Amino acid sequence: MHHALPSRLAPMRMTRLFGHTRRERTDADTENLDLLLRAGFIDQLAAGSYTYMPLGYRTKRKVEAIVRQEMDRAGAQEVFMPAIQPSELWEQSGRYDVFGATLFRVTDRRERALVLAPTHEEVITRLFRDHAQSYRDLPATLYQIQTKFRDEARPRGGLIRVREFTMKDAYSFDMDEAGLDASYTAMFEAYRRIFARCGVPTVPVEADSGAIGGKGSQEFIFIADIGEDTILICNQCGYAANTEKAEFVRPATDRPAGTSPSSVRGEPGEPPRGAQPAETPAPEPPLPTEEIATPGTSTIEALAQLLGIPASRTAKAVLLAATNPHHPTDPPEAVFAVIRGDLDVNEIKLSNALGGRELAPLTEARIRDLGAVPGYASPIGLERRFRVVADTSIMDAPNLVAGANREGYHLRNVNVGRDWEPEIVTDIALGRHGHTCARCGTGTLEERRGIEMGHVFRLGTIYTQAFEVNVLAEDGARRTPIMGCYGIGVDRIVAAAVEANHDDSGIRWPAAIAPYEVHLVALGASRDPAVATDADALYEELRAAGIEVLYDDRDESAGVKFNDADLIGLPFRLTVSSRNLKDGLVEVQPRGSDAARLARSEVTAHLVEQLTAARTG
RNA sequence: CGGGGAGUGGCGCAGCCUGGUAGCGCACUUGACUGGGGGUCAAGAGGCCGCACGUUCAAAUCGUGUCUCCCCGACCA
């Protein structure tokens, strides 16, 4: 049943509608939050906790209805799992500690440790284990629309980062990789349709699958400056990835003579694959190390400027404290991450290289304790009470300038292998605006801010193994099913839809998720009984035709009503007034377009026609 | 968790420095006028001044503590 309509929601008279618009702007820092608050869609209870008022809740329900339709269409089955879960379940998967402080922990009256679920992999896996027995039960994709709880360190951005939110989460179970591919693709396509129908433009980007493994994941990003995520998009081939994941070609090391990086980078050549140097500079013999005075030069930028060298001729040491998430109480290890000065460390890649350690900046006291000096640190000449991870960029870069571990001094002509030895050499560099795309080898990566609206993830067997799930295969053997997981932030869709669809006077709801479809305005009804009678009749007529109407029957001036209609932002505004009534006309104004006057007798049919197409989005 | 800012009718703010009658705009109620882009006038209702302790004859105002909210950062499978 394609494009089944959500059941029609009841109409409403504004004299009865709970909640009022506000005339004055709020101090919200995003447009969507300001508009949602001002138009009376939501109300803030506490940091990261919002109430949906009647208007907002209708929109939210419509988003959920679209999500349900698309999940069902893709063959997923809806379930509903508990939000309150025994913490043992989380200990079994190892995530009780991994989730850290973000996990809401509660205790019941018997002192039993419980968790307010931030996601549901544990429960779904156990559910599947107990109810699926053979390959005949697979493939299976289950989903739910549930409240999730995350004790965010800092909720912000209105509905974007909250502590209690509604998420659609789906989980697929397949016998083999081919099956997972099919399930994953079905969800991917469903996501595209959901965002399109909700009027939220998204870009699928490659995402980091993290230390928990998995064979790839993609995020659906809504591109917006207010976003907290950074993504890189290739201006040539369209490759898009989270910065944490993005593959790029490193700019070659600048030659001391001052060969500009652009002249090197701009040369066409073999499109390099992966994060390898674009060009290998002619071998340069290692020179003797010498200490040089660089007072007050604790940044790479200042150092390069002082010495008149490019940043790529320096080595940057980033000092971090690494904690094993499975043993969070163990003392953290100190880590020196060394990278060429013109690049930045990608903490996700570094974390992955260290087996999923959680990283935090090393305190100044601990830096000094290791014998290093903040701003002048390097692994050179120090007693090895730390781990050293080197980025591949450093390995073929000779005669670099590095910290001397002495206030106000650096070392010239530092060479890896001779002066210091890394424990791990790997790619730990962060992709940046302007880097060359590694996919096509010619395009330039452009940096964009965005909000993660959804995430599709080939999970693998991490959870099915942790919970010892296996099913009988066709050949009689027991197999561990392969999982995929797929999440969508429902509240984020509401916020993003507003962010993407508004103008100076208010929201411009996509018809598919507008709280009502038609804003019926009666002008001067209190002084012209004919207007009141006709507007009432039209209200009933629209309702009977299955149109969701918000009827402004208040005794307010035209200006107030029009401004409120613009702010609330329904797709169509109908105006009944004595002026038009005597000509047998009604004014129809699509939100954001010019008004037209239609014969009173044709209005309902006209709107039914207009809305039928728009409803499915 | 570190840094900064703020808590005074529903919302936004002033008052605090220099202690003594709690004020303004929006919103709300009633009435009159007005009537196609937030109209005018008049009369009203509504406030443990975040909380606690202290100083004082007297605290929104001074002091200490605490809670909350906002912003920056850290954090965010």
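Each chain gets a letter, A, B and so on, in the order the sequences are listed, and its residues count up from 1. Predicted, not measured: the structure shown is a model, and the values here were computed from it. Atoms considered below: every heavy atom in the structure, side chains included; atoms not considered: hydrogens, waters and symmetry mates.
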request  = Kindly indicate whether the side chain of A/Asp528 and the base of B/G35 share any N or O donor-acceptor pair separated by less than 3.5 Å?
outcome  = no
Whole-Å C1' distance, B/C49 and B/A59 = 11 Å
query = Taking the nucleotide of RNA chain B with the closest heavy atom to each, which residue, A/Pro155 or A/Met167, is nearer the 5' end?
reply = A/Pro155
inquiry  = Let's test this: given Watson-Crick or G-U wobble pairing with both distances under 3.5 Å, identify the partner of B/U21.
reply    = none
remark   = The nucleotide from B/C75, B/G36, B/A77 with an atom nearest the side chain of A/Ser577 is B/G36
ask   = Per the atom types in the model, does the base of B/A77 pair as donor or acceptor with the side chain of A/Arg95 at under 3.5 Å?
value = yes
message = Could you tell me the Watson-Crick or G-U partner of B/A59, where both distances fall under 3.5 Å? Say none if there is no partner.
response = none
request  = For A/Arg458 and A/Ser217, test the side chains for any donor-to-acceptor distance below 3.5 angstrom and give the result as yes or no.
outcome  = no
task = Take A/Arg600 and A/Leu538 through the side chain to side chain contact (heavy atoms under 4.5 Å, CB included) test and state the conclusion after the steps.
result = CA-CA 9 Å; A/Arg600 168 69 179 80; A/Leu538 188 51; 3.6 Å; yes
task = Specify the residue among A/Glu556 and A/Gln44 whose closest nucleotide of RNA chain B lies further upstream toward the 5′ end.
result = A/Glu556
Selected nucleotide, minimal atom distance to A/Ala558 side chain, candidates B/G73, B/G38, B/G36 = B/G36
inquiry  = Under 3.5 Å, is there a donor on one side chain and an acceptor on the other for A/Gln144 and A/Asp169?
reply    = yes
ask   = Of the nucleotides B/G39, B/G36, B/C70, which has the atom closest to the A/Ala47 side chain?
value = B/C70
ask   = Does the side chain of A/Tyr184 pick up a donor-acceptor pair with the side chain of A/Asp174 at under 3.5 Å?
value = no
ask   = Which of the following nucleotides, B/G36, B/A77, B/C26, is nearest to the side chain of A/Phe99?
value = B/A77
inquiry  = Checking contacts here: which listed nucleotide (B/C76, B/C69, B/G35) is nearest the side-chain heavy atoms of A/Ala46?
reply    = B/C69
task = Return yes if a side-chain donor-acceptor contact under 3.5 Å exists between A/Tyr96 and A/Glu122, otherwise no.
result = no
message = Any donor-acceptor pair, under 3.5 Å, between the side chain of A/Asp566 and the base of B/G37, if you only look at N and O atoms?
response = yes
note = Which of B/G36, B/G35, B/A74 is nearest the side chain of A/Thr575? It is B/G36
Candidate nucleotides B/C11, B/A77, B/G37, ranked by approach to the side chain of A/Arg573 - the nearest = B/G37
query = What nucleotide, of B/G36, B/G39, B/C76, holds the atom closest to the side chain of A/Leu523?
reply = B/G36
task = Would you indicate which nucleotide in B/G37, B/C71, B/G36 comes nearest to any side-chain atom of A/Arg154?
result = B/C71
Complement of B/G46, any strand, by Watson-Crick or G-U distances under 3.5 angstrom = none
ask   = What distance, rounded to whole Å, do you find between the two C1' atoms, one in B/G36 and one in B/A22?
value = 42 Å
